[in-house]
Amino acid sequence: MTDAEIDTTVPPSGNGCVECDEAGGWWVHLRRCATCGHVGCCDSSLAKHATAHFHATGHRYIQSFEPGEDWFWDYVAEELVDGPPLAPPRSHPDAQPAPGPRGRVPLDWRARLDQA
């Protein structure tokens, strides 16, 4: 990792997936771009906005944005990597459920994922 690829000073873009929030959607888990702070939904989510962000920007490193997780993923090498502590907060609020957000996750969310 180079300093240009990771910005340890930029905060996350919010507590949820930017695109899902704009569309009133939901997600399974969240990932944070280590370059710009964009928070997107994981590849287990229907929309896969974190990976779409990588394809749109070339920002290759993400970190889990789930409480208690600190792992990084390198989209280019397709492997887990070590990374520095990013600016807080380092996860969505503990009270926010996964999948989330509360009130927008359909009761049949597992079936929807299975059908995708």
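Worth saying up front: this structure is predicted, and the values here are computed from it rather than measured.
Residue Gly37 comes nearest to Arg32 through the heavy atom pair O-CG, 4.1 Å, listed as atom of the first residue, atom of the second, then distance. Counting all heavy atoms, side chain and backbone alike, Gly25 lies closest to Pro101 at O-CD, 3.9 Å. Taking all atoms of both residues into account, the shortest heavy-atom contact from Ala98 to Val28 is CB-O, 3.5 Å. Taking every heavy atom of both residues into account, Val39 and Ser13 meet most closely at N-OG, 2.9 Å. Minimum interatomic distance between Trp26 and Cys20 (heavy atoms only, all atoms of both residues): O-SG, 3.6 Å. Across every non-hydrogen atom of Val10 and Ala87, the tightest pair is O-CB, 3.6 Å.
Note on Arg60 versus Asp74: salt bridge recorded, some NZ/NE/NH1/NH2 to OD/OE distance being below 4.0 Å.
Checked by atom type and distance alone, the side chain of Arg31 never pairs as donor or acceptor with a backbone atom of Asp43 at under 3.5 Å.
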* Could you give me the CA-CA distance, side-chain angles and deciding distance for His92 and His29, then say whether side-chain contact (heavy atoms from CB on, under 4.5 Å) is met? => CA-CA 10 Å; His92 64 74; His29 295 291; over 6 Å; no
* To do: Begin from the C-alpha positions of Thr57 and Thr35 and carry the test side-chain contact (heavy atoms from CB on, under 4.5 Å) through to its verdict.
  => CA-CA 10 Å; Thr57 64; Thr35 302; over 6 Å; no
* Would Gln115 and Leu46 satisfy side-chain contact (heavy atoms from CB on, under 4.5 Å), going step by step from the backbone distance to the final call? -> CA-CA 10 Å; Gln115 293 170 1; Leu46 291 176; over 6 Å; no
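The closest side-chain heavy-atom distance from Leu86 to Phe65 is not below 4.5 Å. Trp109 is not listed as a side-chain neighbour of Ser45, based on a closest heavy-atom distance of 4.5 Å or more. Residues Pro93 and Asn15 are in side-chain contact: their nearest non-hydrogen atoms beyond the backbone lie under 4.5 Å apart.
Neither Tyr61 nor Trp71 shares a network with the other; the hydrophobic side chains, linked directly or stepwise wherever heavy atoms of I, L, V, M, F, W or Y lie under 4.5 Å apart, form separate groups for each. Taking hydrophobic clusters as Ile, Leu, Val, Met, Phe, Trp and Tyr residues chained together by side-chain heavy-atom distances below 4.5 Å, Phe54 shares a cluster with Trp73. Residues Trp27 and Val18 do not share a hydrophobic cluster, defined by chaining ILVMFWY side chains whose heavy atoms lie under 4.5 Å apart.
Within a 6.0 Å sphere centred on CG of Leu80, heavy atoms belonging to other residues, nucleotides or ligands number more than 12.
Between His53 and His38, the ring-plane angle classifies as parallel under the 30° and 60° cut-offs.
Judged purely by distance below 3.5 Å, without hydrogens or angles, the side chains of Thr51 and Tyr75 pair a donor atom with an acceptor atom.
Rounding to the nearest 0.5 Å gives a distance of 11.5 Å between CD1 of Ile6 and SG of Cys36.
Each of His49, Gln96, Gln63 was scored for a side-chain contact (heavy atoms from CB on, under 4.5 Å) with Leu30, with one residue passing: Gln96.
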